[in-house]
Structures are given as C-alpha cells and as structure tokens.
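We name chains A, B, ... by the order of the sequence lines, and we start the count at 1 in each one.
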Amino acid sequence: MKYAVEQIQSEIKSLLEDALQKARMEGKIKFTQIPEYIIEVPREKIHGDYATNLAMLMAKEARMAPRKIAEIIVKNIENASSKIEKIEIAGPGFINIYLNKSWLLPVLPLIEEMGDDYGKVNIGNGKKVQVEFVSANPTGPMHMGNARGAALGDSLASLLETAGFNVSREFYINDAGNQIENFGLSLEARYLQLLGHEAEIPENGYHGEDIIEHMKEIIKTEGDRFLHEDSQKRREFFVNYALNKNLDKIKKDLKNFGVEFDVWFSEKSLHESGKLQQTIDILKQKGLTYEKDGALWFAASKFGAEKDEVLIRQNGIPTYFAADIAYHKDKLDRGFEEIIDIWGADHHGHVARMKGALEALGYDPERLKVIIIQLVRLYRNGELARMSKRTGKAVTLADLVEEVGKDAARFFFNMRSADTHLDFDLDLAVSKSADNPVYYVQYAHARICSILRQVEERGIKIPSAEEAYLELLEEPSEIELLKKLAEYPEEITRSAQKLEPYHLTRYAMELASLFHTFYNSCRVITDDQKLMGARLVIIKGVKQVLKNTLTILGISAPERM
RNA sequence: GCGCCUAUAGCUCAGCGGAUAGAGCACCGGCCUCCGGAGCCGGGAGCGGGGGUUCAAUUCCCUCUAGGCGCACCA
C-alpha cells in the first residue's frame with residue numbers, strides 16, 4: 001500500500017526528471033547527472049503544495065540561470081499529469097507545483113481501511129533494535145530526569161515500532177557496585193539509630209526519608225535481631241529487602257506512567273554469570289589493558305576517549321564502567337542490530353569511552369546510539385528549585401503523575417527535543433489549567449466523539465469512505481485537514497529516522513488546530529445528506545489519526561472530557 | 001584548561017541549506033437563536049557578536065561571548 005504523499009512525490013519526481021531528459025535530448029540543456037534535490041511542502045501555502053529546488057541545483061553544471069532551467073522543465077511538464085492544477089516558477093528558481101484535490105481524497109479510504117495501522121511504515125524492515133532507558137538507580141525514587149527519559153524512551157520505542165522496527169524496551173538495574181555498598185551502610189546506620197544506637201551515615205550515603213521508612217518496616221517485621229548479627233550479613237539482608245521494595249515501586253510508578261519494559265536486566269547478574277570477567281579478559285588478551293597503581297586500566301584513549309579508564313580498582317572491585325562494557329557487549333551478542341541508550345546529560349562523558357570500548361571489543365561502535373537528554377529544571381513560584389534525590393524533598397515521578405496526570409506529563413516531556421534544557425514549571429503543570437496543550441489535542445478528539453455520538457443518537461448512518469461523496473469537500477479548512485492527514489506517514493518516517501518523537505506532539509497540535517478551525521467554519525450535522533456524509537468521513541479520519549499519534553506518545557484519546 | 005548541550009518575538013519553543021523566519025502563552029479587539037467557548041477570527045516585535053563555505057546560511061565550518069552539564073579507583 002502506497003501512501004498518497006509518497007505516491008505524489010514519486011510522481012512529481014518522474015515528471016521532473018522526464019522533463020529534463022527530454023530537454024537534454026532536444027539539446028536545450030546539458031548535464032551528465034541529476035543532482036540530489038528535494039521535493040518539499042513549502043512553508044508558505046502560497047508557494048504551492050510542493051516545491052523543488054532542482055533548477056537551482058542544476059545551475060552550476062548546466063551553466064544556465066536557474067530560472068531559465070526552471071522554464072525548460074516547466075514547459076516540458078505542462079499538462080503531463082491530470083493531478084497538477086498549475087505549475088510555476090518563483091523566486092530564484094523554485095518550481096512550485098499546485099495540485100488539484102484528486103490526489104488527496106484517497107487518503108480517507110486509506111485511513112478507514114488501515115485504522116490503527118495508518119501511519120505504519122517500513123523503514124525498519126523488522127530490524128532488531130533495543131531501547132534502554134530510565135535505568136533509574138534502584139536505591140531511591142525516580143526523579144524528573146528519569147521521568148523525562150521514561151517519556152522519551154517509551155514514545156521513541158513505540159515510534160520505532162510504528163516505523164517497522166522490532167523493538168525491545170529494557171531497564172538496566174544498577175544493583176551492584178559502590179553505591180549499593182553505600183546504600184547498605186546507610187540502611188544499617190538508620191537501623192541502628194532507630195534502635196537507639198550510635199551510628200553515622202557514610203559521607204556519600206543516602207539521607208532520604210525512604211531509608212528510614214525501609215528500616216522501620218524491617219524493625220516491625222524482624223525486630224532487633226540484627227543488632228548482634230554480622231554487619232556484612234545484615235547489610236545484605238537490608239539491601240536485598242530495600243532494593244526489591246524500591247524496584248516494585250519503580251515498576252508500579254512506571255506502569256502508572258504508561259511505561260512497561262520487556263526486559264529488566266540486572267547488573268549483578270553480569271558479575272555472577274562471569275560475563276563481566278570474560279569481557280575484561282578479552283580486553284586483556286587484546287593487550288588493551290595495563291596495570292597502574294594497583295588497578296587495571298583500559299586504554300580508552302586509543303579509541304577516541306579523552307583518557308584511560310579504570311576497570312578494576314585497587315581493592316579488586318570492578319568499576320561501573322567495566323560492568324557497563326560487559327552489559328553493552330551482551331546487548332549486541334543478544335542479536336540487536338542497533339542499541340539505543342537514553343542517558344542524562346551528566347553521563348555524556350561516558351559516550352566516547354563506551355563507544356571506544358565496543359570498538360576495542362571488535363564491534364562497530366555505530367551500532368550504539370546514545371541520546372543525551374539535557375537536564376530538567378524545576379521551577380516553583382518562578383524560582384529554580386534544585387532537585388535532590390537525597391534530601392527527600394525532590395518531586396518524584398510518582399508525585400508528578402499524581403499531580404498533573406500521566407497524559408499532561410508525557411505530552412510536556414515530549415514537546416521539546418532531547419537536547420534542549422527543559423524548564424518544567426511545576427505550578428503550571430500542577431494546575432489543571434487550559435494552558436496545557438495536551439487538553440487542546442484531547443479536546444479535538446473528544447469533540448469529534450461528541451459529534452459522532454449525536455449522529456448515532458439521531459439514527460444517521462455514517463457512510464463508508466468509499467460510499468461518501470468526498471468530492472464535496474472543498475472548503476479551505478477541509479483541504480488543509482486532508483493535507484495534514486496525508487502527511488502523517490511522512491511525519492512518522494522523519495521522526496523515526498531522527499529518533500525524535502517530539503515532532504509528533506507538534507503534529508498532534510497542528511492537526512487539532514486545523515480541526516478546530518474546520519469545526520468553526522463548517523457544520524458537520526446538516527440537512528445536506530451528501531455533504532454531511534463526506535464531513536463525517538473526514539472527522540472520523542481526524543479522530544483516527546489523532547488517536548494513532550497520541551497512542552505512540554502514550555497519551556489517552558478520551559471520548560469525553 | 002578540555003569536552004558535550006544551548007543561545008530565534010516580552011516568556012516557552014519550532015524551523016528537515018532555500019522564497020516575506022513560524023506556533024503557543026501573555027497583551028488588545030471581535031465571534032455562540034446552531035454539532036462541546038477546554039474553541040475560533042484579527043492585531044506587534046526577533047535569528048548573541050565576528051569571520052568563512054555556498055548561486056543561497058537561523059540551518060554547515062571556525063572563532064568569540066553568555067548559560068547549563070561533565071572531566072573520580074561515583075554511578
């Protein structure tokens with residue numbers, strides 16, 4: 001099934017190129033090759049439905065003025081297609097093509113036929129891709145950075161699925177290493193304190209309320225029996241207990257945020273299975289490691305990183321980086337052709353060395369794509385509110401969902417590209433105000449549902465797109481809607497290629513806006529049966545595409561609001 | 001000092017090398033005897049500075065300035 005947009009673009013392409021070949025045979029222009037050119041929807045409506053820069057790009061090789069070339073092309077195209085209303089030359093040599101609506105109307109039967117699948121494209125071709133995101137530290141609750149990562153990662157995964165990739169969502173559980181050690185010491189200290197003993201939280205420890213809560217629970221169920229237990233053993237118990245508790249909470253909170261993972265991958269398992277050691281051994285065998293100051297180093301600087309990195313510390317414990325190398329090796333060994341990581345900006349220094357490590361292991365580092373999300377800055381009362389996970393005062397993902405709802409939060413996070421700093425105005429987000437654009441989009445959907453309900457109540461039959469008199473759709477607002485609907489698959493393709501789901505929130509707003517404009521200028525329910533039928537088909541199409549877009553973004557499309 | 005990200009309208013942001021740089025919010029003025037006014041229509045101003053590449057630069061490159069974030073035997 002070919003989409004209207006693709007079809008018309010390839011049709012225009014062959015028209016243009018045929019015209020050029022014809023001109024060459026007639027000796028009107030000289031060239032050896034047609035350059036890379038674009039056929040695009042111009043920003044300004046008055047510049048036509050499609051425009052191309054072909055003539056300008058050929059100017060150099062053909063040694064002719066761009067407008068002159070455009071004239072030759074246009075002359076050879078005229079009347080070559082029944083879909084072209086008019087074609088003209090503008091500005092420095094643009095060829096603007098105006099289409100009649102005959103190419104647009106088929107989009108409605110197509111949407112009706114494809115339903116939830118409208119917009120699916122196949123640029124992925126079933127390629128196995130993994131998206132790893134959130135991977136929040138299980139030592140505490142999820143913060144705003146995790147929330148942004150969750151919204152982006154899940155929508156990106158859905159987007160890639162829509163684009164024909166075979167996607168797996170994965171969460172990496174940092175349940176080993178130094179911070180777990182600190183976590184254990186912090187829990188132990190709180191345990192002792194709660195039972196009236198002297199104890200201190202380590203310098204890099206966890207000071208949050210949640211640590212105390214965990215230990216209160218332990219005391220409730222286990223009493224003071226750990227007072228005389230070996231420190232190592234009781235910490236193991238505490239850590240195990242608290243990590244499970246935290247992970248359950250993380251899973252629950254993410255589920256409420258509309259995010260579910262296919263795989264929860266434990267860092268600890270890499271230590272236990274020996275994969276971590278194997279990976280280090282491979283690097284050793286390749287002669288890419290060396291010992292210095294009692295630690296084992298990886299010569300990362302040979303692979304584009306700024307400096308070498310420690311793999312195994314002086315105390316014999318492998319670093320996070322070492323485990324992460326093993327983890328990424330394991331991902332690729334599991335058969336993913338491409339792996340996408342979503343990391344916070346504070347991890348960007350990790351990118352070069354991670355890619356370097358993969359290269360050192362003999363993998364193509366291009367198979368790893370890292371999306372860095374810039375920090376989320378919280379504003380409260382117009383002032384910057386620093387988020388701190390360890391003070392216990394930070395706004396968590398769960399708080400956010402409770403306060404502003406999943407839909408608003410996910411829309412908000414996906415409104416901007418990952419590499420812009422996100423100012424999150426808590427007051428605005430917390431308030432149920434109409435400023436929040438998600439309502440605008442959802443309202444369009446609900447409005448359509450309302451019309452359809454009334455039609456049903458009145459016993460009016462909605463025609464199929466094939467039966468309807470679609471040629472009656474000729475109001476400007478109707479044509480604009482049709483164009484927007486037809487662009488949707490292209491929007492998916494572009495967003496997926498760039499790994500940028502935020503384009504879809506903008507698309508949703510634009511489509512909603514066009515619908516509201518249409519709604520105010522055209523009545524759907526009228527005495528004119530044929531016109532009403534056609535309009536019912538178009539609003540059903542809008543409803544479907546709004547729903548498809550919102551679904552990718554993980555946002556509900558309500559029937560009523 | 002080195003590295004990554006950012007700099008576009010009063011504010012928050014789009015802008016896929018091209019034509020007169022767009023939205024939303026805020027501000028002002030209009031629009032419901034009629035399908036949901038959470039809506040629609042109209043109204044102003046702007047690419048941080050300097051070089052370069054190009055027929056064409058907000059877009060690519062260099063440099064400067066400003067802000068954020070990194071630069072651990074933390075993760």
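Regarding A:E203, its CD atom lies at a distance of 13 Å from the C1' atom of B:A72, rounded to whole Å.
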List, one per line, each side-chain donor-acceptor pair under 3.5 Å for residues 288-302 of chain A, sequence neighbours excluded.
{"from": "A:Y290", "atom 1": "OH", "to": "A:D308", "atom 2": "OD2", "distance (Å)": "2.6"}
{"from": "A:W297", "atom 1": "NE1", "to": "A:K292", "atom 2": "O", "distance (Å)": "3.2"}
{"from": "A:S301", "atom 1": "OG", "to": "A:D308", "atom 2": "OD1", "distance (Å)": "2.6"}

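Here A:H348 pairs with nothing under the ring pair (Phe, Tyr, Trp, His ring centres under 6.0 Å) rule; sequence neighbours left out.
Which of B:A19, B:C5, B:C69 sits closest to the side chain of A:D419 comes down to B:C5. Closest to the A:A51 side chain, of the nucleotides B:A19, B:C73, B:C71, is B:A19. With B:C5, B:C16, B:G18 as the candidates, the nucleotide lying closest to the side chain of A:R494 is B:C16.
For the pair A:T517 and B:C41, the criterion of a side-chain N or O lying under 4.0 Å from OP1 or OP2 is met. Put simply, A:Y440 has a side-chain N or O that comes within less than 4.0 Å of OP1 or OP2 on B:C40.
Contact of A:D346 with B:G70 (side chain to base): no donor-acceptor pair of N or O atoms is detected under 3.5 Å. In this model, no side-chain donor or acceptor of A:H503 finds a partner on the base of B:A14 within 3.5 Å. Evaluation of atom-type donor-acceptor distances gives a pair under 3.5 Å for the side chain of A:H348 against the base of B:G3. Between the side chain of A:H421 and the base of B:G67, at least one donor-acceptor pair of N or O atoms lies under 3.5 Å.
Separation of the A:Y98 and A:H47 ring centroids does not fall under the 6.0 Å cut-off. Ring centroid separation for the pair A:F171 and A:F265 does not come in under the 6.0 Å cut-off. Here the two rings, on A:F515 and A:H445, have centers that are 6.0 Å apart or farther.
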Q. For every nucleotide of nucleotides 31-37 of chain B, 5' to 3': is a protein heavy atom under 4.0 Å from its base (B), only from its sugar-phosphate (S), or from neither (-)?
A. ---BBBS
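Rounded to whole Å, the separation between the P atoms of B:C64 and B:G3 comes to 10 Å.
Remark: B:G70 base-pairs with B:C2; criterion is Watson-Crick or G-U wobble with both hydrogen-bond distances under 3.5 Å.
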